[in-house]
Amino acid sequence: MGKFLKPAKIVILLQGKHAGKKAVILQNHDNGTNKHSYGHCIVAGIEKYPRRVKKSMSKKKIALRSDMSVFVKVVNYNHLMPTRYTLDLGDAVKSGLDMAAFSSPGANAERPEARKEGRELVKKELSQRYNAGKNQWFFTPLRF
């Protein structure tokens, strides 16, 4: 069977704190690593979705309601449900994101702020996409 969990694929998280949230795969490890011996991937998703905006709202209120918070974490393949959608975050996120900081937080003691910088980088890219009106399905919460 072909591999379908590839970078840029949008998935839905099924377990944990962010269950029911949409996320995009940044990096995958099919055979596992020394730290995580199972198939897993690093995903970035939206923790708090932007709220509905209307034409009659002021620019200040639109800016407040368009704010979102993001997460970046390691997730087991068993806890993901793939969708048919893709979202390429671009080379700026992939080159600027320190993947080692997210895969093993204890091993990256010399730069503990790398996780926060990575989240801010992902938030900036996702906010630009939201404000441009691209990938609208990704920015709406699932209703179930």
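As the structure is a computational prediction, the values presented were derived from the model and not from experiment. We count residues from 1, following the sequence as given. Heavy-atom basis, side chains included; hydrogens, waters and symmetry copies ignored.
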| remark: Rounded to the nearest 0.5 angstrom, the CG-CD1 distance for Leu87 and Ile25 is 11.5 Å
| request: Rounded to the nearest 0.5 Å, what's the gap from NZ on Lys54 to CD1 on Ile62? Could you check? | output: 12.0 Å
| query | Of all heavy-atom pairs between Ala44 and Val122, which one has the smallest distance, and what is that distance? | reply | CB-CG1, 3.8 Å
| query | With a 4.5 Å limit on heavy-atom distance, are the side chains of Glu47 and Lys17 in contact? | reply | yes
| Taking the side chain from Thr83 and the backbone from Ile10, do they hold a donor-acceptor pair closer than 3.5 Å? | yes
| request: Look only at the side chain of Lys21 and the backbone of Lys48, and say whether a donor-acceptor pair between them is shorter than 3.5 Å. | output: no
| Residues Lys134, Gln128; criterion side-chain contact (heavy atoms from CB on, under 4.5 Å); working and verdict | CA-CA 9 Å; Lys134 297 179 181 176; Gln128 287 176 352; over 6 Å; no
| query | Charged N to carboxylate O below 4.0 Å: is that the case for Lys123 and Asp67? | reply | yes
| query | Between the main-chain N or O of Asp30 and the side-chain N or O of Asn28, is there a donor-acceptor pair closer than 3.5 Å? | reply | no
| said: Go through it in stages, so that I can follow the logic: the residues are His79 and Asn76, the test is side-chain contact (heavy atoms from CB on, under 4.5 Å), and I'd like the CA-CA distance, side-chain angles, deciding distance and then a yes or no. | reply: CA-CA 6 Å; His79 301 164; Asn76 189 339; 4.0 Å; yes
| Under 4.5 Å between any side-chain heavy atoms of Val24 and Tyr85, yes or no? | no
| Atom CD1 in Ile46, atom OG1 in Thr140: separation rounded to 0.5 Å? | 9.0 Å
| Separation between CE of Met81 and NZ of Lys22, rounded to the nearest 0.5 Å | 10.5 Å
| said: For the backbone of Lys124 and the side chain of Ser127, can you confirm whether one donor and one acceptor N or O come within less than 3.5 Å of each other? | reply: no
| request: Could you grab the distance from atom OG of Ser69 to atom OH of Tyr49, nearest 0.5 Å is fine? | output: 10.5 Å
| message | Do Tyr130 and Asn135 have side chains that approach each other closer than 4.5 Å (heavy atoms only, starting at C-beta)? | response | no
| message | Is the shortest side-chain heavy-atom distance between Phe139 and Arg129 below 4.5 Å? | response | yes
| message | What I'd like to find out is whether the side chain of Ser66 reaches to under 4.5 Å of the side chain of Val53, using heavy atoms alone. | response | yes
| request: Please find out if less than 6.0 Å separates the ring center of His40 from that of Tyr77. | output: no
| said: Rounded at 0.5 Å granularity, tell me how far CG in Leu80 sits from CG in Leu5. | reply: 6.5 Å
| task | Taking Arg65 for its side chain and Arg52 for its backbone only, find out whether a donor-acceptor pair lies under 3.5 Å. | result | yes
